[in-house]
Amino acid sequence: MCLLTLGLFCVQVIWGWHFYELSLRNTIRLIPEEPYRGRIFDRFGSLMADNILSFDAVIVPQELKDKEVVFKQLGVALGMDGSSVARKYERGYYNPFTPVCIQSGIDKTTAIILEEKKFDLKGIAVDLNSRRFYPNSSIASHVLGYIGEIDKSRITRLKEYGYDLKDKIGYSGLEEKLDIFLRGEKGGQQIEVDSRGRQVRLLGYRPPAIGKDVQLTIDLEMQRISDQLLSGNKGAIVVMDVNTGDVLVLSSAPAFDPNVFVDRKDKKALNYFLGSEDAPLFNRATNGQFPPGSVFKIVTAAAALKTKKVSPSTTYVCTGRLKVGNRYFKCWSEHGPQDFYQAMAHSCDVYFYHLGITAGADLLANASHELGLGSITGIDLPHESQGFIPSRLWKRISRFESWYDGDTANFSIGQGFVLTTPLQLTRMMAIVANGGNMVVPRLTKAIAGVDIPLKESKKIKAPKKDLDLIRKSLRGPVQQEMGTAHSLDVHGLDICAKTGTAQVRGKESHAWVAGFFPENEPKYAFCIFLENSGSSHNAAALGKVLFEEAKKRNKLL
């Protein structure tokens, strides 16, 4: 009895105030309120991502009386069976006063019906929330990304930054990259609850802070044209300002509709986007790594010119093939005598085999890295791929093989082990066009009305006279009637370009064309890529339609 009395004395007198304070804390609950997400605009103010009002059918647990009747009646109104409603309720239950969402995005008629029934069916309610909406459907989907409920891996990593269970978070694209700016700051209610967890009274309210609006460098009209031209293909189109790195177009196909991931009602579309072999969620412009084919001959030319053994008058005779070691390496045609300008215009493989072997594998690798290949560009998108530039050391360590002249021959025409992304080739063309400045591509122009400063460009070590020579030679493929990119000769644009047909074992070749315009004082660099599409003429033909349409609309001038 003495021990029991002593214990009661300690609990009630010595620790009494401590337990009293704890009991007060236990009676206070926070109900968070989600903020409106920041909107996204193109460079001219056209809306690309917005928020719309959403009617959500919910059940408030502390007001729920007859579960079976409510579940059944609510199911009838929503076109569901009572057991489905019950499962959703059990999965979504958090505490007595937090509403459990049974179905979001219901139409206005259904919302009115539920409002009329809520006096007879205690516990049901209609909440008014904001829902992300992409007014242009699949246009620029890989630039924007999409939003969804946070998953377990992200909540573990981001909890210390204020993310909680059931939060909406950006997945891929700028929705992911700029989530911290777009998501805003939560508000909510502070309420007092009784011993059963039921709300007694409201203690305080703080409104949520709206997310910051973002303006992009994208030209939505040009982006729409590019996306539509790629429809039905797998590929990518990039158009970029050669001096600032502003990306005006970044298209990847097939595309996806980010609205599908917001309401998740269209299961067929959802399954296609997540499971199709065409990989619609894969951004081929920044993440796709492909052999560049003859577009890589620009790198080979830069490496060979560094040796000072090659000049514009250097001539080789193309007989349709060249013996390297014990093997013959073919050219796509028999061109006869070719100087530097002719070889670039006709994309003569034999000529560039000679240049590659003259330069050697090490110089080819160095020139590749100098022109921005083999490393990420730094664009403000998540998960960018860095491509791959092989070397003698890499082959020895990873494949336990020696490097042969045949490897150099393949390397010199963008085949073999070399891999690049369409964005990397766009920036490579920008470097040639602007005289050797390696700009950093960007998509974000301003946040909350404040301009984002350009990242400092890097001056590459390649001699300016070599870049001027290469730039001059790239007019030939478009201007000359027998040039491989002649179909890109759009009057008034003075396009300079290089085509590429990259062979793929067991499949159709990849079609490339990359370049810049105009020839004098270039403004824009571009790259058009068609996966497993065959000849590079297909990419050039698509480019002609794109630039003719741009000219018609007074774009890119």
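Side-chain atoms are counted along with the backbone in the values below, which use heavy atoms only and exclude waters and symmetry mates.
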Could you check S533 against E508 for side-chain hydrogen bond (donor to acceptor under 3.5 Å, both in side chains), going step by step and ending with a plain yes or no?
-> CA-CA 6 Å; S533 178; E508 282 280 350; over 6 Å; no
According to the interplanar angle, ranging from 0 to 90°, do the rings of F529 and W512 count as parallel (below 30°), tilted (30 to 60°) or perpendicular (above 60°)?
->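 Ring orientation, 0 to 90° scale: tilted.
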Using side chain to side chain contact (heavy atoms under 4.5 Å, CB included) as the criterion, point out the one residue from I495, L248, L425 that pairs with F526.
->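 So, applying the side chain to side chain contact (heavy atoms under 4.5 Å, CB included) to F526 and each of I495, L248, L425, only I495 qualifies.
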Carboxylate-amine/guanidinium contact D246 R442, below 4.0 Å |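 Looking at R442 together with D246, the answer is yes, because their closest N to O distance falls below 4.0 Å.
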Taking only Lys NZ, Arg NE, NH1 and NH2, and the carboxylate oxygens of Asp or Glu, determine whether K552 and E548 approach each other closer than 4.0 Å.
->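 Answer for the salt bridge query: no.
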Heavy-atom check, side chain of [X] versus side chain of [Y], under 4.5 Å:
X	Y	value
V249	Q223	yes
I460	K458	no
Y272	D278	yes

Will you find, in the side chains of D127 and N129, an N or O donor that is under 3.5 Å from an N or O acceptor?
->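 No, no side-chain donor-acceptor pair sits under 3.5 Å.
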Assess the side chains of D227 and S251: does a donor N or O sit below 3.5 Å from an acceptor N or O?
->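 The criterion, which ignores hydrogens and geometry beyond distance, is satisfied for S251 and D227.
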Show the numbers, then the answer: is there a side-chain contact (heavy atoms from CB on, under 4.5 Å) between H383 and N283?
-> CA-CA 10 Å; H383 321 304; N283 189 343; over 6 Å; no
Y146: which of F273, Y134, Y171, F133 passes ring pair (Phe, Tyr, Trp, His ring centres under 6.0 Å) =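 The single option meeting the ring pair (Phe, Tyr, Trp, His ring centres under 6.0 Å) with Y146 is Y171.
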With respect to T377, which candidate in R427, Q386, E384 satisfies the side chain to side chain donor-acceptor pair (under 3.5 Å) definition?
->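 Answer to the side chain to side chain donor-acceptor pair (under 3.5 Å) test with T377 among R427, Q386, E384: E384.
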From CA spacing to verdict: side-chain contact (heavy atoms from CB on, under 4.5 Å), T426, V247 = CA-CA 10 Å; T426 306; V247 177; over 6 Å; no
